[in-house]
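One-based numbering along the sequence shown.
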Amino acid sequence: MNTGSDEPGEVAVAADKARTDRLQAGQEAGRGLGSRAPEFIRARRLLHLSWQVGVFVIGLAVVAAGIVMLPLPGPGWVVIFGGMAIWATEFVWAQLVLRWTKRKVTEAAQRALDPRVRRRNITLTVIGLVIIGVLAGVYLWKFGVVMPWKIKDQ
């Protein structure tokens, strides 16, 4: 677990001083990596550790709910990334995973909006729909429309 330090080998108290120095230099608190716990919590090691355990447990519950929603109805991936965002408020590894994921999603969106890719996707979709239409027409021509229940007997 992260003890509030932004740099490796640094103690939590030294991290608080470094964070204060960075804030005075004009850097926003939300932009850097590390804990986003309130200052009075970060100042007390045991309280900060308890805070991190609580954030981890809540994030774990949300991620577990998202995993359960993957095969069941529900927004599984959205909930999983929500749990990762909860973890990212305290843990550097989760912040790095979210940054990587956002970068990959942005790259995929840019590739999907490329005119050549869009043209190819539209062409493949039209070809697929034509094939499905031809197959449905052949099936209906050969077998006709047969209801699975017997209406005449009622």
### Task
Please step through side-chain contact (heavy atoms from CB on, under 4.5 Å) for the pair L96 and W100, ending with a clear verdict.
CA-CA 6 Å; L96 295 174; W100 179 84; over 6 Å; no
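- Both L140 and F143 are assigned to one and the same hydrophobic cluster, defined by single-linkage of ILVMFWY side chains at heavy-atom distances under 4.5 Å.
- Shown here are the side chain to side chain contact (heavy atoms under 4.5 Å, CB included) partners of R118, two or more places apart in sequence or in another chain: there are none.
- Note that the CD1 atom of I67 and the CH2 atom of W77 stand 8.0 Å from one another [nearest 0.5 Å].
- The two residues T125 and N121 come nearest to each other via the heavy atoms OG1-O, 2.7 Å.
- Between F91 and W93, the ring-plane angle classifies as parallel under the 30° and 60° cut-offs.
- Annotation for I80 and L70: closest pair CD1-CD1, 4.0 Å, computed over non-hydrogen atoms.
- V79 and L60 fall within a single hydrophobic cluster, where Ile, Leu, Val, Met, Phe, Trp and Tyr are joined by side-chain heavy atoms under 4.5 Å apart, directly or via other members.
- Nearest heavy-atom pair, A85 versus L98, reported as atom, atom and distance to 0.1 Å: CA-CD1, 3.5 Å.
- The salt bridge (Lys or Arg N to Asp or Glu O under 4.0 Å) contacts involving residues 106-116 comprise K104-E107, D114-R116, where partners must be two or more places apart or lie in separate chains.
- Atom CD of Q52 is separated from atom OG1 of T89 by 9.5 Å, given to the nearest 0.5 angstrom.
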### Query
Please walk me through it: do W87 and V97 pass side-chain contact (heavy atoms from CB on, under 4.5 Å)?
CA-CA 10 Å; W87 280 339; V97 168; over 6 Å; no
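- Just one of I86, V63, V53 meets the side chain to side chain contact (heavy atoms under 4.5 Å, CB included) condition when paired with I58; it is I86.
- Hydrophobic clustering (ILVMFWY, side-chain heavy atoms < 4.5 Å, transitive): Y139 and V145 are in one cluster.
- Every residue meeting the side chain to side chain contact (heavy atoms under 4.5 Å, CB included) condition with I131, not counting sequence neighbours, appears here in chain and number order: I127, L135.
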### Task
Quick one: do F56 and E90 satisfy side-chain contact (heavy atoms from CB on, under 4.5 Å)? Show the steps, please.
CA-CA 8 Å; F56 182 79; E90 276 305 307; over 6 Å; no
